[in-house]
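Here is the structure we will look at, set down as structure tokens.
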There are 2 protein chains.
Amino acid sequence: MDQLRAMRYFSKVVETGSFTKAASAFNVPPSSLSRRVADLEKSLGATLLKRSTRIVKLTEVGQIYYNDVQQILNQLAQSHETVRSYQTTPMGRLRISSMVGFGDKILLPLLDEFSTLYPQIVLDVSFSDELSTLGRDDVDIAIRGGYAPNERVLAIRLMDNGFIPVASPSYIEKHGIPNNAMELTQHNGLYFKAPTGPTPWLCNMNGQWHDVSGPAVAISNNGPWLAKKACNGEGILMSTRWALASYLESGKLVELKFEHELAITQHSDMAVYLLYQKQRYLVPKVKAAVDFLVERIKVK
Amino acid sequence: MDQLRAMRYFSKVVETGSFTKAASAFNVPPSSLSRRVADLEKSLGATLLKRSTRIVKLTEVGQIYYNDVQQILNQLAQSHETVRSYQTTPMGRLRISSMVGFGDKILLPLLDEFSTLYPQIVLDVSFSDELSTLGRDDVDIAIRGGYAPNERVLAIRLMDNGFIPVASPSYIEKHGIPNNAMELTQHNGLYFKAPTGPTPWLCNMNGQWHDVSGPAVAISNNGPWLAKKACNGEGILMSTRWALASYLESGKLVELKFEHELAITQHSDMAVYLLYQKQRYLVPKVKAAVDFLVERIKVK
DNA sequence: TCCTATTGTTGTCTTTAAAGCAATAGTGAT
DNA sequence: ATCACTATTGCTTTAAAGACAACAATAGGA
């Protein structure tokens, strides 16, 4: 029995919910799938699918087995790709996922350059602040704030990701410069919303963490919109230095400095990380992109 | 092409270093293996093996692919076992790995009981202080000091693993009781050697770590031998409370207490952990053992 | 409630792919 | 240089999967 083929058949049946539909996807008669899946069930000694003429659905073991099968087929495909592309020029589809702010400001310009360097690589870029499940074959490279998720994923520190407080000159003129962090509780706040929730204003004084958030004027996961509001003098904003760079240079926003530094999390090493699967570094397109991005961003 | 079969063939050829030997392991003529491996190479578009009539060895890609293949075949086998054994009574070979000290004192007595509870489970127990690669199919359950290795492995905290300093009454009579941790540097030391190296005497005073190790009399990874030396009054020993329990009860050794507690590492949460792969908990024999050990040891 | 369209299974034949076997060619050691 | 062993190749045999048709079962509509 060709177990692998049986597994692929089974997998497709689960996904389409039908033997007939799955069969047409493989261009074989439904009887083949029926037999192969039956063989598989026999060899496993368990019923994977509950069939009726109208509806096909997974049993409890079937669900467990299906998950395993997905993972195995995935690894097989990745291994295949690794070997096939070994020592060839970088090419093919490269899936990159990035935080939205970082993507706009920094990644996209670099990717244009990357594309001219490697014209045979087709970029497939998606922006999201949620961490897509790297390794589940969703993306080849991910760029995220925070820290490394697990061992099989390599994380390269690209740049600092510490949040700094800023306000417009007009806001300062109207409300005065806060002399110390505690006074911030009296000020209007524009809050960036991370996937984990809104980011408070935290301050570490003598080993003690204090929440010094002021009343909220606006909360959003859209950085530019908050920045615009900050420019209008609607409140104080905490965001990353790289996201605010253009505003700070033009003087539309100015950094507020305090004796005790502010943060948005108690975790100290906030940074932007480039993430990829260790094994996939052997695939030329992945290696090319990782090397390129690290060289271009890290030196900066 | 039955890719899986080809992969198994390839794998065996690598391991035996010969097509003929591998063929006899499968009870098929060598020509079959030759063809299947050739098919595989064709589908991958790469040469996996460097053949001559005398020796067969891996190419560079071959090595990479071989590693992948091992992992995939392994997962396949595990998945198969999970499904096959789903909802059956616990049975089969259960491989347990444990730290030597813990194994002698605590694990073995419990396992006797476990065996009578589950007579159909064949125990395969090995003792070592090195962490075997859980997940590489080497062991089903591991017991180790320290902390969890990675995400795919579940760690259950069984009991405290903090080291305490002890000495025999005769030693104390001869050298006097050290009044504070700093004085330990003047005392003879019996040092337990962990896989990471000998374990120093450390002391945290007001947030500062100090190495207060005294001159070494003996260093070993053999706990009982060190304990015997300690009983003979040859020096001060630091070991875990559970390893020393019998000596403390009989009064052969007494615990030395200090204002600032001693440790052998700066890491605070030293504990004994039971480790197993999350997925494997679905296999009855693994579930039975994990549940049994946790219940019996954790409550203790 | 009955009918019908759709879907999964089963039987039989055909096709494809792997196993078996014998012969050949190449390589490292004596 | 020869010998012994090993991988490969050509050809035949055997096993397994595909193809097609007929059948059985079920959900939905009349």
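Quick note on labels: first sequence line is chain A, next is B, and so on, each numbered from 1.
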*Around B/Glu60, counting heavy atoms of other residues, nucleotides and ligands shown, do more than 12 lie under 6.0 Å from its CD?*
no
*Rounding to 10 degrees, work out the angle separating the end axes of the helix from C/dT1-D/dA30 to C/dT30-D/dA1 (five pairs an end).*
40°
*Under 3.5 Å, is there a donor-acceptor pair between the A/Asp291 and A/Tyr281 side chains?*
yes
*asked:* Could you check whether A/Tyr65 and A/Phe10 have their ring centres less than 6.0 Å apart?
replied: yes
_What range of DNA chain D does chain B touch, first nucleotide to last, counting atoms under 4.0 Å from its heavy atoms?_
D/dA4 to D/dC11
*Pair B/Gln70-B/Ser11, side-chain donor/acceptor within less than 3.5 Å*: yes
_Pair A/Glu81 + A/Lys285, salt bridge at N-O below 4.0 Å_ = yes
*asked:* Could you check whether B/Tyr9 and B/Asp2, counting side-chain N and O atoms only, form a donor-acceptor pair closer than 3.5 Å?
replied: no
*Backbone N/O of A/Gly62 and side chain of A/Thr59: donor-acceptor pair under 3.5 Å*: yes
*Can a salt bridge be assigned to the pair A/Arg36 and A/Asp39 using a cut-off of 4.0 Å between side-chain N and carboxylate O?*
yes
Listing time: all N or O pairs from protein to nucleotides 28-30 of chain C that are below 3.5 Å?
none

_Contacting residues from residues 25-34 of chain A, given that a heavy atom lies under 4.0 angstrom of DNA chain C_ = A/Ser31, A/Ser34
*Measure from the side-chain N and O atoms of A/Thr82 to the backbone N and O of A/Gln78, and report whether any donor-acceptor pair falls under 3.5 Å.*
yes
_Can you pull out the residues from residues 1-8 of chain B that lie within a 4.0 Å heavy-atom distance of DNA chain C?_
B/Met1, B/Asp2, B/Arg5
*Answer whether the closest heavy-atom distance between the side chains of A/Leu40 and A/Gln3 falls below 4.5 Å.*
yes
*Are the side chain of B/Asp140 and the backbone N or O of B/Arg95 linked by a donor-acceptor pair below 3.5 Å?*
yes
*Begin with the C-alpha distance, continue with both residues' side-chain angles, and end with the deciding distance and a verdict on salt bridge (charged side-chain N to carboxylate O under 4.0 Å, His left out) for A/Arg296 and A/Glu113.*
CA-CA 11 Å; A/Arg296 285 325 216 62; A/Glu113 191 182 342; 2.3 Å; yes
*Pair B/Arg144, B/Ser97: side-chain N/O donor-acceptor within cut-off below 3.5 Å*: yes
_I need the residues from residues 10-24 of chain B with at least one non-hydrogen atom less than 4.0 Å from DNA chain C; give them sorted by number, or say none._
none
*May I ask you to decide if B/Leu49's main-chain N or O and B/Thr47's side chain share a donor-acceptor pair within less than 3.5 Å?*
no
_Could you check whether any side-chain heavy atom of A/Ile96 comes within less than 4.5 Å of a side-chain heavy atom of A/Phe114, counting everything from C-beta outward?_
no
*Using a strict 4.0 Å threshold on nitrogen-to-oxygen distance, state whether A/Glu41 and A/Arg51 make a salt bridge.*
yes
*Could you tell me whether a side-chain N or O of A/Thr16 sits under 3.5 Å from a main-chain N or O of A/Lys21, the two making a donor and an acceptor?*
no
*Return yes if the base of C/dG11 and the side-chain atoms of A/Arg35 contain a donor-acceptor N/O pair under 3.5 Å, otherwise no.*
yes
